[in-house]
Amino acid sequence: MDNMEKTYDPQFEKRIYDLWLKNKCFEAHVDPDKEPFTVMMPPPNITGQLHMGHALDLTVQDVLVRFKRMCGYEALWVPGTDHASIATEVKIVEKMREEGLTKEQVGRDGFMQRAWQWKAEYGGRIVEQMKGLGISCDWSREAFTMDENCSNAVLDAFVRYYKKGLIYRGDRIINWCPHCHTALSDAEVEYEEQQSNLWYYKYPVVGEDDAIVIATTRPETMLGDTAVAVNPKDAKMSKYIGKQVRLPLTDRVIPVVGDEYCEIGFGTGAVKITPAHDPNDFELGLRHNLPVIQCIGEDGLMNDNAGKYKGMDRLAARKAIVEDLKALGLLVKIEPYAHNVGTCYRCGETVEALVSKQWFVKMKPLAQPAIEAVRSKRTEFIPKRFEKVYFNWMENIRDWCISRQLWWGHRIPAYYCDKCGEMVVSKTKADVCPKCGGAMRQDEDVLDTWFSSALWPFSTLGYPKRTKSLAYFYPTSVLVTAYDIIFFWVARMMFSGIEFMGDVPFSEVLIHGIVRDAQGRKMSKSLGNGIDPLAIIDKYGADALRFSLASGIAPGSDTRFSEAKIESSRNFVNKLWNASRFVIMNIGKDDDLTLPTRFNGADKWILTRLNDTIRQVTVNLNKYELGLAAAKLYDFVWSEFCDWYIEMSKTLLYSGDKKQHDHAIAMLVYVLGEILKLLHPFMPFITEEIYSKFAPKGQLIMLAAWPSYNKHRVYRKEEAQFEGLREIISSIRNLRNEMNVAPSKRVNLHVIAPDARFIQAVTPYIQKLAGVGEVELISDKSEVQGRVSALVAAGAEIFIPLGELVDLDKERERISQEIAQTQGVIAKTTALLANTAFTQKAPEKLVENERTKLAQAQDKLEKLKDKLASLD
RNA sequence: GGAGGCAUGGCUCAGUUGGUUAGAGCACACGGUUCACAUCCGUGAGGUCACAGGUUCGAGUCCUGUUGCCUCCACCA
């Protein structure tokens with residue numbers, strides 16, 4: 001047998017991964033005889049490197065994919081990366097700035113060159129990092145949102161939407177990031193609370209000695225005001241409707257309109273209306289046919305309409321305007337006010353609402369079937385509560401602004417004729433205007449990065465080509481992702497899949513939480529509390545990281561990550577390593593490793609526990625309860641297999657009897673093999689490595705069949721007996737500890753047991769595991785002489801002559817304590833059984849259990865009392 | 001303003017459709033060079049399951065309310 005190092009060292013991970021690649025283990029093919037299990041990897045952005053959130057997401061997916069593959073599914077996991085239009089462009093611009101360059105200087109082509117270079121570098125690095133995690137995705141299908149296939153899908157989708165009238169271009173109020181210099185969708189705006197003021201000032205009424213006081217958080221937008229609104233039902237204010245007010249600092253006169261948007265009792269009862277810079281005002285402006293006057297430009301500076309404030313920054317202008325209003329005696333008061341300000345989700349800059357010509361997707365017709373699909377359970381969220389979040393968003397959705405004033409992305413396939421104004425939307429390049437024959441130029445803008453992500457479940461399978469893969473693997477089985485991109489991504493994949501494929505993109509959406517630090521804080525660059533998964537892999541190995549991430553997670557819940565946690569996982573991996581090392585080093589050259597046909601008691605016990613574990617873990621994994629599955633495996637492997645079964649097997653292994661040795665080693669190899677298979681989805685590398693040490697040459701564990709529950713190898717009687725044995729051995733250990741018996745000292749036992757044959761059979765175990773010398777079976781305590789310590793466990797009375805070591809007072813106290821405890825049980829059980837309501841209503845089996853429990857406790861009490869008395 | 005989540009020993013979490021005296025791991029205390037493992041082994045201490053009611057023979061588990069922490073959505077100037 002191969003040598004195994006004494007301490008687990010994950011250096012073999014790379015070699016194992018190459019072995020899988022060489023054998024094309026990850027590749028999935030259309031196979032009508034098998035049921036597909038398809039997962040699309042949420043493509044990481046190529047902006048940087050993998051973080052702990054990716055590691056979690058990938059681990060969960062790989063556990064499921066490996067599990068399903070072993071269960072006999074044709075498991076396809078498509079990997080890829082996302083071009084992340086705005087995020088990447090921001091990074092590239094940053095990098096260029098360090099070199100003293102701007103986008104304009106390098107030009108569109110030069111910029112694209114740099115971007116593709118960036119993609120090659122960072123995209124490639126991410127792929128290497130994913131491989132380091134050991135994930136089993138089909139690299140032959142690796143996709144990128146801007147590769148040829150995905151780009152074709154984008155073109156196809158855009159044109160089809162357009163032809164259906166679901167994409168339109170128009171002047172609408174949109175979110176504008178002055179820093180990134182692009183429009184943003186509603187989803188890309190994050191709100192944060194900021195401490196600001198509410199400024200009150202007067203708009204003089206034309207022709208009267210009166211003025212309307214308005215309150216605003218944004219005085220600088222007053223230069224774009226085109227009305228003041230009051231509520232027509234407001235008794236105090238409605239009189240102003242139809243009048244005009246003079247807009248201070250300008251020469252304009254604007255109307256007072258009545259609109260219920262203005263809430264009675266809030267502020268002053270009048271609100272200034274700036275259609276160009278506020279979505280609500282924009283809507284109100286449409287209702288009242290108000291002109292739209294933009295006073296803040298796309299650069300965030302005041303523009304031509306701002307008169308003397310032109311060229312000032314928004315905030316500077318605010319200050320100046322307030323000063324000027326004050327000088328005019330129009331400022332009434334300033335109140336501190338906390339409100340939410342929209343910021344760009346990429347750069348954090350305060351976004352401006354402004355009116356701009358952009359492309360939009362009409363959402364209502366698309367949202368409806370997407371809502372219906374979840375209502376009818378064609379797609380289910382796990383946990384279910386996230387469906388509410390989904391519905392809430394879909395039901396209140398507004399049109400999706402998809403054009404971005406960026407360069408890195410899919411360029412919008414719209415072409416304009418400058419001569420006659422004709423526009424053509426086409427998958428192929430339009431050079432000549434079909435109307436006037438003039439030259440056409442393509443739209444300068446690119447699409448929202450999420451437009452291509454939305455097509456991911458089918459663009460990666462060849463769409464718009466109707467490939468065999470698409471027919472076989474779509475719809476996918478489960479989408480695994482964190483809750484923070486339900487809107488950005490999950491929702492959009494839903495309506496896109498329904499629209500273009502005629503079916504939902506996935507049957508289930510498994511939502512997991514985010515990885516937090518040890519104190520429960522979000523990991524972030526600014527806090528500097530992030531833990532780099534690659535550093536963890538270097539130090540502890542990918543298996544330890546994976547197991548650590550899978551432990552203690554539950555669908556939808558956040559998880560905490562700490563160095564202490566990974567250490568405990570590493571220790572578990574080490575434990576598995578050493579248990580395996582023990583088994584393997586005990587395999588003799590000519591040992592027969594076939595599973596014995598007859599099992600001894602210990603075998604039956606471990607087989608029962610193994611089968612229970614198989615059943616539970618399988619159920620857990622099918623329900624996506626990875627945390628529970630991991631916990632059960634940890635417990636079974638460490639506390640049952642290692643602590644008890646291996647220890648017990650040593651009596652046979654070292655008995656000197658070849659037959660006994662062979663029996664023991666064959667059993668150990670069998671159980672270990674099953675354990676390795678069960679653990680493989682969680683820790684693929686070490687299980688493959690260990691498996692290779694004893695499995696038939698060339699056989700890979702990742703392609704092995706998942707263990708199945710075998711009811712013929714479940715032995716409840718032996719299971720109970722061995723639980724009793726464990727109790728006996730623990731009790732003896734406990735007593736030795738309390739009596740300060742030296743660990744090396746062997747003690748002799750006298751045992752009165754209800755099942756003497758069983759005690760006889762397990763005597764070697766008792767001797768080995770409890771440091772026991774002779775075990776003498778007796779029928780009456782009178783046979784015991786001298787000072788003894790005694791205990792009652794699993795129905796047996798055990799007497800331990802300890803000679804001088806017995807401290808009578810201590811012994812008395814110990815037994816008294818046990819008596820008290822037993823009396824507690826008796827009291828409770830008696831009360832329960834005396835309650836007729838209980839005996840009548842509770843299930844018969846439960847009542848019976850209580851009766852047995854009472855009888856056993858009473859028996860034990862009697863024996864204990866006896867012991868106590870005998871000490872005097 | 002709306003929606004949701006969490007609350008169990010010092011820390012991280014289990015606790016299946018309500019049913020033994022609520023379990024692990026880490027940390028802690030004590031003892032261990034027994035030939036797989038000190039990244040280990042054995043033993044132990046530590047919890048009125050946030051609070052108050054209710055349903056039930058029986059509640060950590062179900063219902064109502066309260067408090068505390070967290071998240072998402074909305075964004076009325």
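So that the names make sense, note that chain A is the first sequence line, chain B the second, and so on, each numbered from 1.
Taking only side-chain nitrogens and oxygens, A:Asn392 never comes nearer than 4.0 Å to OP1 or OP2 of B:rG2. Of the side-chain N and O atoms in A:Lys388, one or more sit less than 4.0 angstrom from OP1 or OP2 of B:rG4. Between B:rU43 and A:Ser730, a contact under 4.0 Å exists linking OP1 or OP2 to a side-chain N or O. Applying the 4.0 Å criterion to OP1 and OP2 of B:rA24, one finds that A:Lys632 has every side-chain N and O outside that range. Not one side-chain nitrogen or oxygen of A:Tyr540 sits closer than 4.0 Å to the OP1 or OP2 atom of B:rU39.
Taking a 4.0 Å limit (strictly below) on heavy-atom distances, residues 649-656 of chain A reaches RNA chain B at A:Lys650, A:Tyr654.
In secondary-structure terms, RNA chain B builds stems of at least 3 consecutive Watson-Crick or G-U pairs, each pair having both distances under 3.5 Å, at B:1-7 with B:67-73, B:10-13 with B:23-26, B:28-32 with B:40-44, B:50-54 with B:62-66.
Between A:Leu833 atom CG and B:rG58 atom P the separation is 15 Å, expressed in whole Å. Taking atom OH on A:Tyr634 and atom C1' on B:rC26, their separation rounds to 9 Å, with Å as the unit. Between the CH2 atom of A:Trp199 and the C1' atom of B:rA77 there is a distance of 13 Å, given to the nearest Å.
Within 4.0 Å of A:Trp638, counting heavy atoms only, lie sugar-phosphate atoms of the nucleic acid but no base atom. In this structure, A:Phe386 reaches neither bases nor backbone, as no heavy-atom distance under 4.0 Å exists between it and the strands shown. Heavy atoms of A:Thr217 sit under 4.0 angstrom from primed sugar atoms or phosphate atoms, though from no base atom. Within the 4.0 angstrom heavy-atom criterion, no nucleotide atom of any strand lies near A:Ser744. Among the heavy atoms of the strands lying under 4.0 Å from A:Tyr337 are primed sugar atoms or P, OP1, OP2 only; no base atom is included. Residue contacts shown for A:Asn849 are absent, as no nucleic acid heavy atom lies under 4.0 Å away. No contact: A:Gln840 has no heavy atom under 4.0 Å from any strand. Within the 4.0 angstrom heavy-atom criterion, base atoms lie near A:Glu647. Within the 4.0 angstrom heavy-atom criterion, base atoms lie near A:Pro843. Heavy atoms of A:Lys768 sit nowhere under 4.0 angstrom from any nucleic acid atom.
Close placement of the A:Tyr345 and A:Phe488 rings is indicated, their centers lying within 6.0 Å of each other.
The pair A:Asp612-A:Arg609 meets the salt-bridge criterion, since a charged nitrogen lies less than 4.0 angstrom from a carboxylate oxygen. Classification of A:Glu850 and A:Lys845 as a salt-bridged pair fails, no side-chain N sitting under 4.0 Å from a carboxylate O. Salt-bridge check for A:Arg560 with A:Asp517: failed, with every basic side-chain N at 4.0 Å or more from each acidic carboxylate O.
Remark: the separation of the C1' atoms in B:rC6 and B:rC13 is 13 Å, to the nearest Å. Taking atom P on both B:rA22 and B:rU66, the two are 31 Å apart, rounded to the nearest angstrom. Distance check on atom P: B:rU17 versus B:rA36 gives 43 Å, rounded to whole Å. Taking the P atom of each, B:rA59 and B:rG1 are spaced 37 Å apart, rounded to whole Å.
For the ring pair (Phe, Tyr, Trp, His ring centres under 6.0 Å) test with A:Phe572, the passing option among A:Phe547, A:Phe682, A:Phe636 is A:Phe547; the others fail. Considering A:Val322, A:Ile214, A:Val332, A:Leu325 in turn, A:Val322 is the only one that fulfils the side chain to side chain contact (heavy atoms under 4.5 Å, CB included) rule with A:Trp199.
Side-chain atoms of A:Arg570 and base atoms of B:rU39 include a donor and an acceptor less than 3.5 Å apart. For A:Lys575 against B:rC37, a side-chain N or O and a base N or O form a donor-acceptor pair under 3.5 Å.
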Produce the list of close N/O pairs, under 3.5 Å, pairing protein atoms with atoms of nucleotides 9-15 of chain B; give distances to one decimal.
unit_1	atom_1	unit_2	atom_2	d
B:rU12	OP1	A:Arg560	NH1	2.9

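By the 6.0 Å and 45° rule, A:Lys650 stacks over the aromatic ring of A:Phe582.
Between A:Tyr203 and A:Tyr201, the angle of the ring planes lies from 30° to 60°, which puts this pair in the tilted group.
Heavy-atom distances to RNA chain B give each of A:Asn835 and A:Asp186 a nearest nucleotide, and the one nearer the 5′ end belongs to A:Asn835. Of the residues near RNA chain B, A:Ala564 and A:Asn737, the one whose nearest nucleotide (by heavy atom distance) lies more toward the 5' end is A:Ala564.
For the pair A:Ser649 and A:Leu668, the tightest heavy-atom approach, listed with the atom from each and the gap, is OG-CD1, 3.5 Å.
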